[in-house]
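Working notes, structure below.
As the structure is a computational prediction, the values presented were derived from the model and not from experiment. Below, read A as the first sequence line, B as the second, and so on, with proteins coming before strands; counting in each chain starts at 1.
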There are 4 protein chains.
Amino acid sequence: MKKREVEASVKDERLVIKRRDQMIKGAVTLFKQKGFHRTTTREIARAAGFSIGTLYEYIRKKEDILYLVVDRMYDQIRERLQKDLDTNQGTVEALKLSIAYYFREMADMQDEVLVMYQEAKSLGKDALPYVLNKEIQMVGMFENVIGNCVKNGELDLTEQEVKLIAHNIFVQGQMWAFRRWALQKAYSLEEYIELQLDLLFHGMKEGKVKLGTGGEG
Amino acid sequence: MKKREVEASVKDERLVIKRRDQMIKGAVTLFKQKGFHRTTTREIARAAGFSIGTLYEYIRKKEDILYLVVDRMYDQIRERLQKDLDTNQGTVEALKLSIAYYFREMADMQDEVLVMYQEAKSLGKDALPYVLNKEIQMVGMFENVIGNCVKNGELDLTEQEVKLIAHNIFVQGQMWAFRRWALQKAYSLEEYIELQLDLLFHGMKEGKVKLGTGGEG
Amino acid sequence: MKKREVEASVKDERLVIKRRDQMIKGAVTLFKQKGFHRTTTREIARAAGFSIGTLYEYIRKKEDILYLVVDRMYDQIRERLQKDLDTNQGTVEALKLSIAYYFREMADMQDEVLVMYQEAKSLGKDALPYVLNKEIQMVGMFENVIGNCVKNGELDLTEQEVKLIAHNIFVQGQMWAFRRWALQKAYSLEEYIELQLDLLFHGMKEGKVKLGTGGEG
Amino acid sequence: MKKREVEASVKDERLVIKRRDQMIKGAVTLFKQKGFHRTTTREIARAAGFSIGTLYEYIRKKEDILYLVVDRMYDQIRERLQKDLDTNQGTVEALKLSIAYYFREMADMQDEVLVMYQEAKSLGKDALPYVLNKEIQMVGMFENVIGNCVKNGELDLTEQEVKLIAHNIFVQGQMWAFRRWALQKAYSLEEYIELQLDLLFHGMKEGKVKLGTGGEG
DNA sequence: GATGAATGAGCGTTCATTCAT
DNA sequence: GATGAATGAACGCTCATTCAT
């Protein structure tokens, strides 16, 4: 999918990038604090260090800022993840490390993750698909590494299972952020990672009681 | 936690319930389409079938509507879940049925779940804790049934594991709604349920290749 | 000037009077506290002890209530004043007593006076002249008693002076209320009365320095 | 007491003053006609010659306009008065001129005075004391010049009398405005001034009839 | 005669967006 | 290229008034 371009009146490409950096930096801070809707364009301009007039030289609508912010976030996350997964040799051991790495990255970007998940719906009909596509790509990255383990014979999973596991991992990374109010009281990040990994790989452990005999089979 | 009451000017309790039903029904539809912030009070009134003046006879602030919506959802979900879990005998087999039941219920209330998930943060400082508390209670319900399986000896899990599994189940129920754009293309609901149950109970199945040499055995 | 009638839907005259009494009593209290504009018709109805619907059986517009209230106040003040002045024999001594009496009455009705003076302007084009007429009548009462003193030869004043003195007295009675924030800190009511009387009758007392020769040359 | 500042979004001080001038001018006219509460912000903006949006670039709340209006009036009156009183040599003759000057000024600002007198109570809890303080200062100015006459030996008055006379003068200046409906029919301004001055300095003139003998004892 | 639910015009205020300088 | 004053549509909310019961 082609990158959705945000139009700027200013021609100087270098300047556009610089100003948008300032803009995004300011906007992220504000969105974290008060959300997209409660943040005014004036506030963003001020946080970015220039005037409201200047702001509008680099975007067309307020929503463009949200898009720019979300786009940047995805790129950051994917970039880090990519770098890690590139070194992944397709073993279960490496997979575990990658998942743990991903969980830590997401924990590191908690606020950003929250912004992304709560405000993305405010993106217009043209920007949203583009953003969703980015997420599909990221899930795809996990599908690949898990898929490699299957190819290696280290795991025995159908394609459907692989896909769903990738989604689960992806969501569990976000969970740490969007359920922080519950999870972060009960677990340290490392405990969370260890437990989730264990559950991912082994599921719920059965007790010694025989299940077979009666049940509802 | 005491129920946060939304004040109405109208005294007739029956009428209050009826009008709020209309209101909630209209609001859910609108919130789903455009989110809480983009929905105006006039639109909600119109969707509910009465005037803006009448709307404000039944609430005090726009946010009250969101609270009412979210509160209603939680109550519905919990009520249904409660009813099901009450008949749960604390066996693994029953647990599976309950999880499947929960997944189906959540799928049934997709729109509501989406609203809940994306707009809850717009609730004010007094309503939010109340809502989070409701979620804790619901997660607690799963903790209990899983805990019973542990007591029975059918499952062998620590308390921490039980808690996290409950959270995972809870989130996976929501996932079907908030990741519909990906999941519902790839799976039917029943496939989703079956796969998730399998993963929950058995984790990723290992292949025949020996892993042993290094790792954590 | 004919009494401006406020129309009522209810026919029973007795009831109209009774209900309006309740209404006025409640309204005065509220107007004192928050003024006419900040008081809602619902509040007045509640304070009066009946429903908003009933309120409108006895008036036509909110402004009618203000008129009723102001009208009542004037009647009260005038009635009291009348009673006193009726016994006035037209001597200076009696005039002083009447002025003092009037000052005390106005002090007694401070809140009412404030309402009258701050809200009367909100009366419509038809009610205002009627109310102003009442004030002219009251000022006229003072004009009469002062005029009597002139006729008696106890005072030597032109008609114009009499009229202005009557206005001054009238305003000085109100002053105690509308400048309470300054006067009531500096004087007790009796001090105020004594001082004002002295100034009214003798003006500023000259010192012993000769003034005569001619200007300040 | 520190000046209560009304915040403006616009930075250009010159412009702020200019726009507020327009605003105050328009607002006075409207407040005079219909009072503060019945005047809408849109009307004020229109009367000032700009849009509602622009209006709010120069104030924060509707009440700010009232404050601005009242503040401006006080400043104008005091400034003029100050200028006059500064040249006052503390003689009775000069005092008379100053009072006459003050009466004329107040007559000149009738509309403003009316607004001040009737709407000041609508000022909020923070602006009101500030405004009352201004009035105390103005009354204080009269206290001073009268006090000087006492020091000179031209007048023989206690401190309490001086204070009350100052209040009376102050109120009589306003009277011409707020009782215009009666006074301006009966007197020309100059007549009013002459009569009031005479009454202030000499009180009611006694007739030739002996009062002493017995009175109404 | 009493009620109170319903109405909707109208309020104060905000804020994304424009455009002359 | 930068500025910020100006704009006005649109918002949340209030409340005088009506009218079916």
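Using a 4.0 Å cut-off, some side-chain N or O of B:Thr54 falls inside it from OP1 or OP2 of E:dT7. Within the 4.0 Å cut-off from OP1 or OP2 of F:dC13, at least one side-chain nitrogen or oxygen of B:Tyr56 is found. For the OP1/OP2 pair of E:dC15 and a distance below 4.0 Å, the side-chain nitrogens and oxygens of A:Thr41 include no atom meeting the criterion.
Contact annotation for C:Arg19: backbone-only contact, meaning every heavy-atom pair under 4.0 Å involves sugar-phosphate atoms and none involves a base. Contacts of D:Thr40 with the nucleic acid, taken as non-hydrogen atoms under 4.0 Å apart, involve only primed sugar atoms and P, OP1 or OP2. Here D:Arg42 lies in heavy-atom contact (under 4.0 Å) with a base.
If you find the closest nucleotide of DNA chain F to C:His37 and to B:Glu63, the one lying nearer the 5' end belongs to B:Glu63.
The distance between atom CZ of A:Arg38 and atom C1' of E:dT14, rounded to the nearest whole Å, is 13 Å. Rounded to whole angstrom, the span from the CZ atom of B:Arg14 across to the P atom of E:dG4 amounts to 17 Å. One interatomic measurement links the two molecules: CD of A:Glu57 to C1' of E:dT17, which rounds to 12 Å at whole-angstrom precision. Remark: P of E:dT21 and CG of D:Asp12 are 14 Å apart, rounded to the nearest angstrom.
The existence of a salt bridge linking A:Glu112 and A:Arg72 is excluded, since no basic side-chain nitrogen approaches an acidic carboxylate oxygen closer than 4.0 Å.
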